[in-house]
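Encoded as structure tokens, the structure appears first; notes follow it.
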There are 2 protein chains.
Amino acid sequence: MSTLSRKQREIQQREGMLLDVARKMLVEQGYAGLSMDRIAELTEYSKGVIYQHFSSKEDLVTAMAVQSLQRRVEYFSRAAAFQGRPRERMMAIGVAEELFVRLHPHYFHSELIIKMASLKERVSSERLEDLRKEQNQCFGRVRSIVQAAIDCGDLVLPPKLEQADIVVGLWSLNMGAYSLMHTDREMLVENGVTAPLTGVRVHCHALLDGYGWKPLVAEWDYENSYRRILKEVFPEECLQAGLE
Amino acid sequence: MSTLSRKQREIQQREGMLLDVARKMLVEQGYAGLSMDRIAELTEYSKGVIYQHFSSKEDLVTAMAVQSLQRRVEYFSRAAAFQGRPRERMMAIGVAEELFVRLHPHYFHSELIIKMASLKERVSSERLEDLRKEQNQCFGRVRSIVQAAIDCGDLVLPPKLEQADIVVGLWSLNMGAYSLMHTDREMLVENGVTAPLTGVRVHCHALLDGYGWKPLVAEWDYENSYRRILKEVFPEECLQAGLE
DNA sequence: ACTTTTTCCGACGACACGTCGATAATTGAT
DNA sequence: ATCAATTATCGACGTGTCGTCGGAAAAAGT
């Protein structure tokens with residue numbers, strides 16, 4: 001006998017289904033087109049049921065963001081376990097992020113929305129706590145790699161920068177690039193930017209080189225590292241993403 | 001006699017006033033708290049009048065973003081005119097962005113919102129054209145500096161990167177960092193990131209060093225450049241921002 | 001002074017969020 | 001198996017917002 005009754009398990013499962021339907025709606029129709037009434041209609045549950053799961057529309061969107069971050073943490077964890085120099089492991093995190101965005105754009109999208117609209121006011125405090133926790137998980141995964149690099153001497157912190165700052169720099173660059181792609185793809189193609197995704201990798205390497213994080217691009221065959229990461233850490237996802 | 005009648009000028013002026021009221025509301029109450037009815041109430045105009053200026057709520061928010069970009073272009077233009085090496089002029093752009101975000105956070109905020117919510121569907125096509133134009137202005141200002149650096153030999157494009165890519169890298173890093181500050185400041189302080197704004201400058205320098213854009217940080221006194229930029233290009237704004 | 005055109009108004013319909021009392025289903029005890 | 005107690009579900013309702021539209025008011029023109 002499990003800790004939860006049959007009914008309660010059913011309810012828990014339902015939450016996932018509600019989120020799936022909601023996410024599809026969010027992606028197809030935007031935030032404004034995400035309607036609680038229509039979720040009720042499509043799932044053939046009543047609104048009351050939905051409001052037993054989520055205290056408000058904002059709470060629901062936040063739940064999507066939490067799901068997204070959980071998935072990301074999963075990716076990051078696998079990436080962080082890659083066998084290699086710290087900088088290679090950091091590269092693996094970058095690959096993880098890239099695959100994550102490629103394979104789950106709807107998850108990423110929900111994160112962006114919740115971030116922007118400053119919806120936090122109307123979100124239940126437990127959900128907000130979940131969000132915070134997952135975010136810190138992500139941050140922590142990256143941070144520990146930076147620490148490892150410092151410990152083994154591959155990275156000497158430049159003046160005025162702490163470990164956490166390095167994380168912020170990389171995070172900003174990635175986050176900025178991907179949200180740019182999502183929101184201003186039009187402007188990019190207009191300006192002849194054809195392969196923004198591969199671009200991100202190159203930019204990250206430039207940034208790490210700028211920090212003086214050894215081995216520098218000139219001293220190491222990161223193309224090879226890249227292939228190893230894809231093959232050893234994300235073989236399944238590669239196929240899904242259509243990467244060779 | 002001007003080309004516009006008195007009445008028409010009055011109407012044009014009114015648009016600015018409407019946007020001011022709306023922006024204040026947006027910043028104080030978030031996107032959800034921005035209500036067309038309340039704008040009408042506060043300005044003591046009818047809703048009909050407001051809908052003569054803006055075809056929808058989204059159109060109004062887009063108008064705010066356009067205003068914001070116009071202001072940014074102004075800042076960027078002044079920065080681009082700084083006398084010095086291309087990399088110094090690029091640094092001036094960074095300073096411009098920093099001051100812009102510091103002094104007009106509400107403008108910046110409206111940009112973020114319009115970007116995220118994929119509101120574009122309901123925006124009038126003229127307004128969308130305005131937005132596109134201003135964005136390209138910004139992009140162009142930065143791009144021409146990159147070109148200048150290439151022309152004078154200060155920058156040799158790394159393999160796999162075009163001029164436009166360099167712009168994208170810097171843009172992403174800045175955009176990402178500032179939106180991170182706006183949306184996740186809490187997470188930053190939790191992780192001991194104390195001075196994110198000065199951090200951005202350091203990260204940008206690292207990125208430019210990574211591109212091999214001469215003169216590198218080690219070869220030039222950019223602290224001095226920074227002081228010169230503040231004093232020569234943005235003396236007024238410095239005081240307002242409370243920078244020494 | 002009177003007509004035409006422009007501008008302005010605010011009631012109205014449609015729709016969305018979130019609530020709540022009534023209703024149905026499930027559980028547990030006898 | 002029966003019935004009471006608890007739990008889960010429903011959907012109509014109140015409130016508020018968006019965007020429209022026909023008529024009132026003001027301005028321009030003659």
Side-chain angles (χ1 to χ4, degrees), chain A residues 1-15 17-18 21-22 25-26 28-64 113-114 117-125 127, chain B residues 1-15 17-18 21-22 25-26 28-64 113-114 117-125 127:
Chain A
M1 157 182 168
S2 68
T3 60
L4 271 59
S5 74
R6 181 171 51 76
K7 188 70 192 171
Q8 278 178 311
R9 262 176 297 148
E10 193 183 313
I11 290 177
Q12 212 171 22
Q13 213 171 353
R14 190 171 58 194
E15 185 152 320
M17 193 249 277
L18 292 175
V21 171
M25 209 179 287
L26 181 69
E28 285 174 3
Q29 321 242 5
Y31 183 72
L34 176 67
S35 145
M36 302 301 259
D37 291 82
R38 282 201 14 250
I39 294 173
E41 227 174 297
L42 285 181
T43 59
E44 295 187 330
Y45 285 107
S46 72
K47 283 209 322 181
V49 167
I50 292 175
Y51 276 92
Q52 267 172 351
H53 289 274
F54 312 105
S55 67
S56 68
K57 184 175 169 180
E58 289 83 351
D59 198 47
L60 185 151
V61 178
T62 308
M64 287 193 248
I113 289 180
I114 183 69
S118 58
L119 308 171
K120 305 217 185 95
E121 313 303 327
R122 310 192 49 73
V123 177
S124 73
S125 53
R127 190 89 57 193
Chain B
M1 159 185 169
S2 70
T3 61
L4 272 58
S5 73
R6 181 172 51 76
K7 187 70 191 174
Q8 278 177 309
R9 263 176 295 149
E10 193 183 312
I11 290 177
Q12 213 171 23
Q13 213 172 352
R14 189 171 57 194
E15 185 151 319
M17 193 249 277
L18 292 175
V21 172
M25 209 179 288
L26 182 70
E28 285 174 2
Q29 321 243 4
Y31 183 71
L34 177 68
S35 146
M36 301 301 259
D37 291 80
R38 281 199 19 249
I39 294 173
E41 225 175 300
L42 285 180
T43 58
E44 295 189 329
Y45 285 106
S46 73
K47 283 209 322 181
V49 167
I50 292 174
Y51 277 91
Q52 269 172 351
H53 288 275
F54 312 104
S55 68
S56 68
K57 185 175 169 181
E58 290 83 350
D59 198 48
L60 185 150
V61 178
T62 308
M64 287 193 248
I113 289 180
I114 183 69
S118 56
L119 309 171
K120 305 217 185 95
E121 313 305 325
R122 311 192 47 72
V123 177
S124 72
S125 52
R127 189 91 56 193

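In this text, all values refer to a predicted model and were calculated from it rather than measured experimentally. Reminder, nothing fancy here: chain letters follow the sequence lines and each chain counts from 1. The figures here come from the full heavy-atom set of this structure, side chains too, leaving out hydrogens, waters and symmetry mates.
In this structure, A:M25 atom CE and C:dA16 atom C1' are separated by 13 Å, rounded to whole Å. The separation between B:Y45 atom OH and C:dC9 atom C1' is 13 Å, rounded to whole Å. The CD1 atom of B:I11 sits 13 Å away from the C1' atom of D:dA28 (whole-angstrom rounding). Remark: C1' of C:dC17 and CD1 of A:I39 are 12 Å apart, rounded to the nearest angstrom.
Between B:Q52 and C:dT7, a side-chain N or O to OP1/OP2 separation shorter than 4.0 Å is absent. Of the side-chain N and O atoms in B:R14, none sit less than 4.0 angstrom from OP1 or OP2 of C:dT7.
Take B:E44 and apply the salt bridge (charged side-chain N to carboxylate O under 4.0 Å, His left out) test, not counting sequence neighbours, and it matches no residue. Applying the side chain to side chain donor-acceptor pair (under 3.5 Å) rule to A:E15 yields the partners A:H53; only residues at least two apart in sequence or on another chain are considered.
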Quiz item: When every nucleotide of nucleotides 18-23 of chain D is labelled 5' to 3' by its protein contacts under 4.0 Å (heavy atoms), B for base, S for sugar-phosphate only, - for none, what sequence of letters results?
Solution: BBB---
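Of the possible donor and acceptor atoms, one in the side chain of A:R38 sits under 3.5 Å from a partner among the backbone N and O of A:G33. Formation of a donor-acceptor pair under 3.5 Å by the B:S56 side chain with backbone atoms of B:R122 is found in this model.
At most 12 heavy atoms of other shown residues, nucleotides or ligands fall within 6.0 angstrom of atom CD in A:Q13.
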